[in-house]
Undergrad: 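Okay, handing you the structure first.
Chain A is the first sequence line, chain B the second, and so forth, proteins listed ahead of strands; every chain is numbered from 1.
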Amino acid sequence: MKAEQDYIRDIAEMRSMMERSSKFLSLSGWAGIMAGIYALSGAFIAYRILYFNPDEIVYDTIKSGNLSFSLLKVMLLAITILVLALGTAIFLSYKKAGKRGEKLWNPIAKRLLINMAVPLTAGGILILILVSKGLIGLIAPFTLLFYGLALYNASKFTYEDIRVLGLVEIALGLVSSFYIGYGLIFWALGFGVAHIIYGIYMHYRYER
Amino acid sequence: MKISINSFHKAFESRIRLGIMSALAVNDMLDFNTLKEYLDVTDGNLASHIKALEKEGFIDVKKSFVGKKPNTKYFMTNEGKKAFDNHLKALENLIRGVSE
């Protein structure tokens with residue numbers, strides 16, 4: 001017969017296995033911090049160097065022709081930020097998974113990605129449609145909104161805390177679609193500041 | 001102590017078997033390699049524990065093909081789910097009894 005300590009260890013290991021096999025726990029807090037820094041620098045470049053600050057839903061200079069070029073540059077900038085943030089997140093998760101003796105790519109990672117991909121793809125396509133119609137002012141609110149929905153959806157398959165970040169992004173998206181002129185500020189708040197705060201919180205809570 | 005030891009099924013005496021059951025309790029289905037990765041055991045070791053649980057009727061196999069490669073997935077039977085829940089409850093009662 002086992003001793004009492006053995007049963008306590010049994011139950012602890014059962015709990016840990018149930019969590020480990022149903023949640024993706026290799027996300028690093030540093031990924032959030034870095035994504036936030038990229039986003040803040042991106043917003044700064046868009047505002048100060050590319051002079052991008054749409055203040056109406058239908059950004060009127062689109063007809064004057066010079067916007068399409070600057071819009072192209074802003075979109076290129078946005079894609080660069082996305083690739084940097086994703087690349088950093090994957091690299092840090094890969095390192096964290098290795099430290100935990102697990103592989104990065106497993107059935108839960110797949111489930112997490114699928115659950116994020118559905119709202120993100122829908123949002124991405126909608127935003128492209130909006131851009132093609134000249135509704136530039138809605139880009140920032142809608143990226144926040146759909147990103148928030150994706151995070152909320154993903155929270156079932158990773159740290160629960162990410163649900164709060166999702167709700168914050170959704171709220172910022174909704175508020176900023178009302179105050180279109182402050183789109184870039186809300187975007188910097190949602191993708192920059194919120195990510196950094198979340199990343200620091202996650203780092204202190206789970207990685208120390 | 002008045003804890004009924006009978007509620008501890010002997011199939012759950014091994015920690016690896018408990019691990020297999022825990023992982024299958026929260027996943028619809030898992031394949032052999034994923035289980036192996038979670039439990040950090042050798043092929044032969046895992047296979048023998050899986051066989052034992054299969055014999056108890058606690059888990060079952062679903063065989064299919066991915067392309068031409070055979071793909072074996074394991075899932076928990078209703079009986080296994082019941083036994084696992086009972087075991088978990090018994091453990092929790094025991095621990096509560098100890099701490100009181």
Side-chain angles (χ1 to χ4, degrees), chain A residues 1-28 90-118 152-163 206, chain B residues 1-41 46 49 59 66 71 73-76 80-81 83-100:
Chain A
M1 203 203 131
K2 291 182 187 176
E4 279 132 30
Q5 268 92 344
D6 284 331
Y7 291 124
I8 292 173
R9 226 171 75 197
D10 271 7
I11 211 165
E13 278 188 20
M14 285 160 85
R15 292 243 167 82
S16 134
M17 175 59 76
M18 286 163 105
E19 188 178 67
R20 221 145 39 88
S21 65
S22 65
K23 285 178 182 282
F24 184 77
L25 301 176
S26 299
L27 274 182
S28 159
I90 292 170
F91 174 70
L92 291 173
S93 296
Y94 173 76
K95 274 194 10 191
K96 194 169 165 188
K99 226 185 274 170
R100 295 158 50 86
E102 287 173 11
K103 286 199 194 113
L104 178 62
W105 188 243
N106 58 28
I108 310 137
K110 193 168 139 193
R111 236 183 291 166
L112 176 74
L113 278 189
I114 290 171
N115 276 277
M116 283 192 84
V118 171
Y152 190 84
N153 216 23
S155 66
K156 280 169 274 175
F157 306 103
T158 181
Y159 296 104
E160 287 253 312
D161 314 62
I162 218 166
R163 174 174 302 173
Y206 296 106
Chain B
M1 272 205 315
K2 291 176 297 194
I3 287 130
S4 127
I5 297 300
N6 294 332
S7 46
F8 292 117
H9 200 288
K10 66 178 184 317
F12 293 139
E13 259 166 33
S14 142
R15 225 167 243 153
I16 293 172
R17 268 174 252 171
L18 262 187
I20 296 170
M21 293 299 277
S22 305
L24 288 175
V26 288
N27 288 279
D28 294 342
M29 279 192 190
L30 289 173
D31 61 25
F32 190 87
N33 285 331
T34 310
L35 276 174
K36 203 177 95 179
E37 196 184 311
Y38 287 151
L39 293 156
D40 200 19
V41 286
L46 179 59
H49 284 297
I59 65 175
V66 178
N71 186 17
K73 289 195 163 181
Y74 300 93
F75 61 94
M76 203 182 241
K81 179 106 190 92
F84 181 75
D85 286 347
N86 282 339
H87 187 76
L88 198 60
K89 220 174 281 165
L91 276 177
E92 275 167 355
N93 285 339
L94 179 91
I95 289 166
R96 217 168 294 143
V98 165
S99 61
E100 264 164 24

Undergrad: Nearest 0.5 angstrom please: A/M14 CE to B/M21 CE, how far?
TA: 8.5 Å
Undergrad: For B/A25, is it the side chain, the backbone, both, or neither that has a heavy atom closer than 4.5 Å to a heavy atom of chain A?
TA: side chain
Undergrad: At their closest point, which heavy atom of A/M17 faces which heavy atom of B/S22, and how far apart are they?
TA: CG-CB, 3.7 Å
Undergrad: When you look at CZ of B/F32, are more than 12 heavy atoms from neighbouring residues, nucleotides or ligands closer to it than 6.0 Å?
TA: yes
Undergrad: With rounding to the nearest 0.5 Å, note down the distance linking OG in A/S21 to CG in B/L39.
TA: 9.0 Å
Undergrad: Check whether A/E13 reaches the backbone of B/R15 with its side chain - one donor and one acceptor, N or O, closer than 3.5 Å.
TA: no
Undergrad: For A/R9, I'd like to know if atom CZ has over 12 heavy atoms of other residues, nucleotides or ligands within 6.0 Å.
TA: no
Undergrad: Do A/R111 and B/N27 have side chains that approach each other closer than 4.5 Å (heavy atoms only, starting at C-beta)?
TA: yes
Undergrad: With rounding to the nearest 0.5 Å, note down the distance linking CG in B/L30 to CG in A/N106.
TA: 10.0 Å
Undergrad: Counting only heavy atoms not in B/D40 (residues, nucleotides, ligands), do more than 12 fall under 6.0 Å from its CG?
TA: no
Undergrad: Could you pull out the closest heavy-atom pair between A/M18 and B/F84, with the gap in Å?
TA: CE-CE2, 3.9 Å
Undergrad: Check the surroundings of atom CZ in B/F75: do more than 12 heavy atoms from other residues, nucleotides or ligands lie under 6.0 Å from it?
TA: yes
Undergrad: So, does A/D10 use its side chain to make a donor-acceptor pair with the main chain of B/L91 at under 3.5 Å?
TA: no
